[in-house]
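Presented below is the structure to which this report refers.
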Amino acid sequence: MPKYNPSVIEPKWQNWWAEQKTFRSPRLPRGEKAFILDMFPYPSGDGLHVGHPEGYTATDIVSRYERMRGTSVIHPMGFDAFGLPAEEYAIRTGTPPRESTARNTATFRRQLQMLGFSYDWDREISTTDPEFVRWTQWIFLVLYDTWFDSHRQQGRPISELKIPDEIHELGEVSVGTYRDSHRLAYQSEAPVNWCPELGTVLANEEVIGGVSERGGHPVIRLPLRQWMLRITAYADRLGSELESLDWPESIKKLQRDWIGRSTGAEVDFFLPAQDASEKDMNDAFLTWKIHRKANGYPAQVSGDCLRIYTTRPDTLFGVSCMVIAPEHPLRGQVTQPAQADVVHDYCDAASRKSDLDRTDLSQEKTGVFTGSYCIHPLTGKCVPIWIADYVLASYGTGAIMSVPAHDTRDFEFAEAFGLRIISVIEPNDGDGVDAQVFTGYGRSIASGSYTGMDSKAFIEKVAADLLKIGIGSPATNYKLRDWLFSRQRFWGEPFPILHELNELGQPTGVVRALDPQELPVPLPKLSDYRPGKTPDPPLSRADDDWLYVERDGKKYRRETNTMPQWAGSCWYYLRFLDPANNEQFIDPEIEKAWMPVDLYVGGAEHAVLHLLYSRFWHKVLYDRGFVSTVEPFARLVNQGMILGEVEFTGYRSSSGGWVSAGRQSSSDTPTKVFSEHVEKQGESFVLRDAPEVRVDSRAHKMSKSRGNVVNPDEIVQAFGADSLRLYEMFMGPLEATKPWSTSGVGGVRSFLDRCWRLVVDEGAENLQRSPQVTEGRPTDEQMRVTHRMLDKVTADIQSLSFNTAIAKMMEFVNFATPLQERPREMLSIFIATLSPFAPHLAEELWTILGHDSPVSLATWPLVDNRWLQDDTIEIPIQVQGKLRARITVPTGTDAKQLEAIAAAEPKIAALIDEKTIIKVVAIPDRMVNFVVKK
RNA sequence: GCCGGAGUGGCGGAAUGGCAGACGCGAAGGAUUCAAAAUCCUUUGCCCGCAAGGGCGUGUGGGUUCAAGUCCCACCUCCGGUACCA
């Protein structure tokens, strides 16, 4: 009784593929190439999740299909093993990260291999391999050695940075400082996001709503020396070069919004001596204006004015006050003695607020008056200066002009402190008139010589006017901040950087990059690798042997921060192409031949992290001539999330009775209800035994705490890898979020059983071909069904519509199962078509059908178009757009004939009899519609 | 609040503006079996009807069209993301 037994045939073919190196890719592609890439996983301690195989199966199907079409395919896999998840696991289980990572990686590798993915395992990489780390560090040196030429919009070697004469004159140290201030990798001492719970600082992108993206821990602001990457230099290109990419629009938009380019104007407000008389103030203001007109708008602000950034210079006449951030550099200068105490208290409180507090309390605007005034450059009027924490120091100039009539936040601020609200824009035609605050564009009122102008024209003109008199300038700003690139954790790449020490062992502030030949810098051996409660990195506890080095007679201390999780993933795709190269990070010939990535599949959660960071690195490598493409990932597809099985939830009150869903309060306990106790009533589900009680029906995210996590190992054991692969593709569109259903896996398993029985004689003693498999020619009908299936599956693979491809193959099996004679030729086409989806079963059946070489290397069957057409076709006939009858006509029957045949159809004839036909729409091979007069 | 995405049978889901519900799950019936499992076959959107047949149906309300799940306008609900960026 040879039944379909995946637990035998799956390992058998996996071993065979591994031994034969069936999926090895050539060094260079021959003919067409396809670089098909998955987002490589973090080998966490929990093993593979059913979400992983979804994208991996999709790319595997495409890879196998492309290979069968004769394309040179590179389809690699590796592990992103540095970083917090692995390290947290290591700490939790008390094992050194390298050991736990090795173990977790082994589990992931085993699970991936168990699913029969056609990776070229000879190209496997891990970001933690010293050889990989070496090149990650090398790229850091490239970043360190690059400055951004904003005129050319290009990164260039630091040696090509022109040193201004006045800097030269100041000597070596100043030249060094000048260079350092232009490098793409630089150190900065600024308030950063410190997460005490994780024991590290985090990048902006890793902080969401004031808490850490990973773990949801609170984050506070702390000034610290950190390594930064100047991603903001590339902001324009990261935005504009998205255009050409075949990515989901939603992801492009997410990136554009994150970059957050805005245009507007900078305006300087004159800051007079506060104790001067009104006349002196006016004189000083006039002198200042004359000076500005003569010398133009200065690039650097001096202390005699307050510079603000606004996107709406057309509201300049509606200013009621200036607001500066608590951390603004002019804070001390503008704070009058009488206000010093309140200002100090306010700013002190603001600095100690966590980001979470700042956002949480966002409803109520707070602030303090400084006691100072500045002078409006166009009206000459005095404007009070306030401090408020709703203004961010890190954006624009850290100061704004507050226009309560036309900005919601300014309005709230003005309301809270009773400030004047001056309306300067009238809506054009009643849009938004009833709102308290009008933030739209319209016609200017009470705006001096600009009164009556259209907002947009105003914006252009005033920016130009201000530039002419040296008081303002058009300006562009970005929400994107420079990338905080260092972490106070153990499990990451050490920086290839040395800090010079003086005779006393104190850092001199001079930094020295290692030579490429000195790489990799290994991680030191530590007995305690846990993060500290303070920002002092674990690496600072390393032995002196590691920590201190001597070069050219000078003593140095190594950088003890490590790189963040994202470093390795920024460039791993390149290393896959040339994983063993120990001369260079990649051979340019290989890079040119394989790049860019033709299909990149992964989760949407990386939309602004990994995908933005790696694009940035890639552009730097491109500018420096190390890679040949501007963008790394030509086509991106996000697979949707797989939720847990649908659950019904009822609510029980404290007295034990049921509470209808929607009416429950937080004191009622959610209770799981089994589906057999539930029925549908109208729009909602209710308890079968108590129909007045509604229950919620919903699939939830898989999580350990909910206990709805599906383990791929168990599914493979119960149904086989081919069933898991097929089910995940059959659930619905790749990009959709969809709930898991174990009985659905059973469904595709029985489909595979049916495939097996098409070929194998289950009644026989031994494994042998079913006697119903014949050598004869397929009938015309069989050819039609087979080629139509093939045609549909081929098209669906190309559009990644795997669910409908599988449905079509199921239809084929439904057709073929009752056949008493099943030509081998027909079955061979089917098995070849099935093979990218269920490769193990396909290999086995292919062999049983008598083929010598594996189906994985077979040629994708060619669609014969003559089988796609029928001789006759059934056509719906409508009257008044309603389906009334069907007729069968020869394919290609023209409209006139079609109309005649349709009108003659008895039922139609009865319906249109004695009625006036106004119009007949007859479309050959489609439909006929009679429009009649009532 | 803002930005995405989605609302189609009991469920997952199909449908170049042209026969709504392909395919699968579940359910019901039958064949096979001593019996069960497995397998095979049939039915399965809702309502009226013994039937033939008819009516109603893609979140709601309008519109465009000979024809709308699909296009346009307004709204509702759910899911996901995001939060003072001037």
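The chains referred to below are lettered A, B, ... by the order of the sequence lines, with proteins before strands, and numbering in each begins at 1.
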Which base, if any, makes a Watson-Crick or G-U wobble pair with [N], both distances under 3.5 Å?
{"N": "A52(B)", "value": "none"}
{"N": "A6(B)", "value": "U77(B)"}
{"N": "U82(B)", "value": "G1(B)"}
{"N": "G57(B)", "value": "none"}
{"N": "A35(B)", "value": "none"}
{"N": "G18(B)", "value": "C66(B)"}

What's [X] touching, base or sugar-phosphate or nothing? Going by heavy atoms closer than 4.0 Å.
{"X": "I308(A)", "value": "nothing"}
{"X": "S394(A)", "value": "nothing"}
{"X": "D407(A)", "value": "nothing"}
{"X": "R884(A)", "value": "sugar-phosphate"}
{"X": "D753(A)", "value": "nothing"}
{"X": "M810(A)", "value": "sugar-phosphate"}
{"X": "S741(A)", "value": "nothing"}
{"X": "E874(A)", "value": "base"}
{"X": "R754(A)", "value": "sugar-phosphate"}
{"X": "R698(A)", "value": "sugar-phosphate"}
{"X": "G747(A)", "value": "sugar-phosphate"}
{"X": "Q878(A)", "value": "base"}
{"X": "N814(A)", "value": "sugar-phosphate"}

Considering only side-chain heavy atoms of [X], which listed nucleotide, [options], is closest?
{"X": "K680(A)", "options": "C11(B), G18(B), G13(B)", "answer": "C11(B)"}
{"X": "K882(A)", "options": "G81(B), C56(B), C25(B)", "answer": "C56(B)"}
{"X": "V931(A)", "options": "C66(B), C23(B), A20(B)", "answer": "C66(B)"}
{"X": "T817(A)", "options": "C40(B), U39(B), C19(B)", "answer": "C40(B)"}
{"X": "I400(A)", "options": "A86(B), A14(B), G10(B)", "answer": "A86(B)"}

Presence of [X] side-chain N/O under 4.0 Å of [N] phosphate oxygens OP1/OP2:
{"X": "N803(A)", "N": "A14(B)", "answer": "yes"}
{"X": "Y390(A)", "N": "A86(B)", "answer": "no"}
{"X": "K919(A)", "N": "C66(B)", "answer": "yes"}
{"X": "K792(A)", "N": "C23(B)", "answer": "no"}
{"X": "R757(A)", "N": "C40(B)", "answer": "yes"}
{"X": "S250(A)", "N": "G81(B)", "answer": "no"}
{"X": "K479(A)", "N": "A86(B)", "answer": "no"}

Rounded to whole Å, how long is the line connecting atom [atom1] of [X] with atom [atom2] of [N]?
{"X": "I887(A)", "N": "C19(B)", "atom1": "CD1", "atom2": "C1'", "answer": "13 Å"}
{"X": "R749(A)", "N": "A37(B)", "atom1": "CZ", "atom2": "C1'", "answer": "15 Å"}
{"X": "I208(A)", "N": "C2(B)", "atom1": "CD1", "atom2": "P", "answer": "21 Å"}
{"X": "K365(A)", "N": "A86(B)", "atom1": "NZ", "atom2": "C1'", "answer": "11 Å"}
{"X": "L392(A)", "N": "A86(B)", "atom1": "CG", "atom2": "P", "answer": "10 Å"}
{"X": "M729(A)", "N": "C25(B)", "atom1": "CE", "atom2": "P", "answer": "18 Å"}
{"X": "I251(A)", "N": "U82(B)", "atom1": "CD1", "atom2": "C1'", "answer": "14 Å"}
{"X": "L726(A)", "N": "G13(B)", "atom1": "CG", "atom2": "P", "answer": "17 Å"}

Distance, [atom1] atom - from [M] to [N], rounded to whole angstrom:
{"N": "G61(B)", "M": "A68(B)", "atom1": "P", "value": "15 Å"}
{"N": "G57(B)", "M": "G69(B)", "atom1": "P", "value": "10 Å"}
{"N": "A14(B)", "M": "A20(B)", "atom1": "C1'", "value": "9 Å"}
{"N": "C46(B)", "M": "A28(B)", "atom1": "P", "value": "15 Å"}
{"N": "U60(B)", "M": "C11(B)", "atom1": "P", "value": "15 Å"}
{"N": "G63(B)", "M": "U8(B)", "atom1": "P", "value": "24 Å"}
{"N": "U65(B)", "M": "C71(B)", "atom1": "C1'", "value": "10 Å"}
{"N": "G21(B)", "M": "U33(B)", "atom1": "P", "value": "37 Å"}

request  = Could you check V748(A) against Y727(A) and say which one's nearest nucleotide on RNA chain B is further toward the 5' end?
outcome  =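 Mapping each residue to its closest nucleotide by heavy atoms, the 5'-most match is Y727(A).
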query = If you find the nucleotide of RNA chain B closest to N477(A) and the one closest to F685(A), which residue's nucleotide is nearer the 5' end?
reply =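 Final value for this comparison: F685(A).
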query = Does a donor on one side chain and an acceptor on the other come within less than 3.5 Å for R754(A) and N814(A)?
reply =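 There is such a pair between these side chains.
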query = Is any NZ, NE, NH1 or NH2 atom of the basic residue among K253(A) and D257(A) found under 4.0 Å from an Asp or Glu carboxylate oxygen of the other?
reply =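 Yes, charged N to carboxylate O under 4.0 Å.
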key: R788(A)/D870(A) salt bridge by N-O under 4.0 Å criterion   =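 Looking at D870(A) and R788(A), the cut-off is met.
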query = For G9(B), does the O4'-C1'-N9-C4 (purine) or O4'-C1'-N1-C2 (pyrimidine) torsion place it in syn, i.e. within 90° of 0, or in anti?
reply =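 You should classify G9(B) as syn.
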Any donor-acceptor pair under 3.5 Å from [X] side chain to [Y] backbone:
{"X": "D482(A)", "Y": "T232(A)", "result": "yes"}
{"X": "Q878(A)", "Y": "Q880(A)", "result": "no"}
{"X": "Y390(A)", "Y": "A325(A)", "result": "no"}

message = Is there, by distance only and without an angle test, a donor paired with an acceptor across the side chain of K808(A) and the base of C23(B) below 3.5 Å?
response =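 No pair found.
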Parallel, tilted or perpendicular, as decided by the 30° and 60° cut-offs, for the rings of W386(A) and F417(A) =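 Answer is tilted, since the angle falls between 30° and 60°.
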ask   = Does V319(A) reach the side chain of S402(A), with side-chain heavy atoms less than 4.5 Å apart?
value =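 They are not in contact (no side-chain heavy atoms under 4.5 Å apart), so the answer is no.
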request  = Report the C-alpha distance between Q772(A) and Q820(A) in whole Å, list the side-chain angles of each, state the deciding distance to 0.1 Å, and finish with yes or no for side-chain hydrogen bond (donor to acceptor under 3.5 Å, both in side chains).
outcome  = CA-CA 6 Å; Q772(A) 286 158 318; Q820(A) 287 312 301; 3.1 Å; yes
ask   = Minimum heavy-atom separation for V462(A) to P313(A), with atom names?
value =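 Distance-wise, the nearest heavy atoms are CG1-CB, 3.5 Å.
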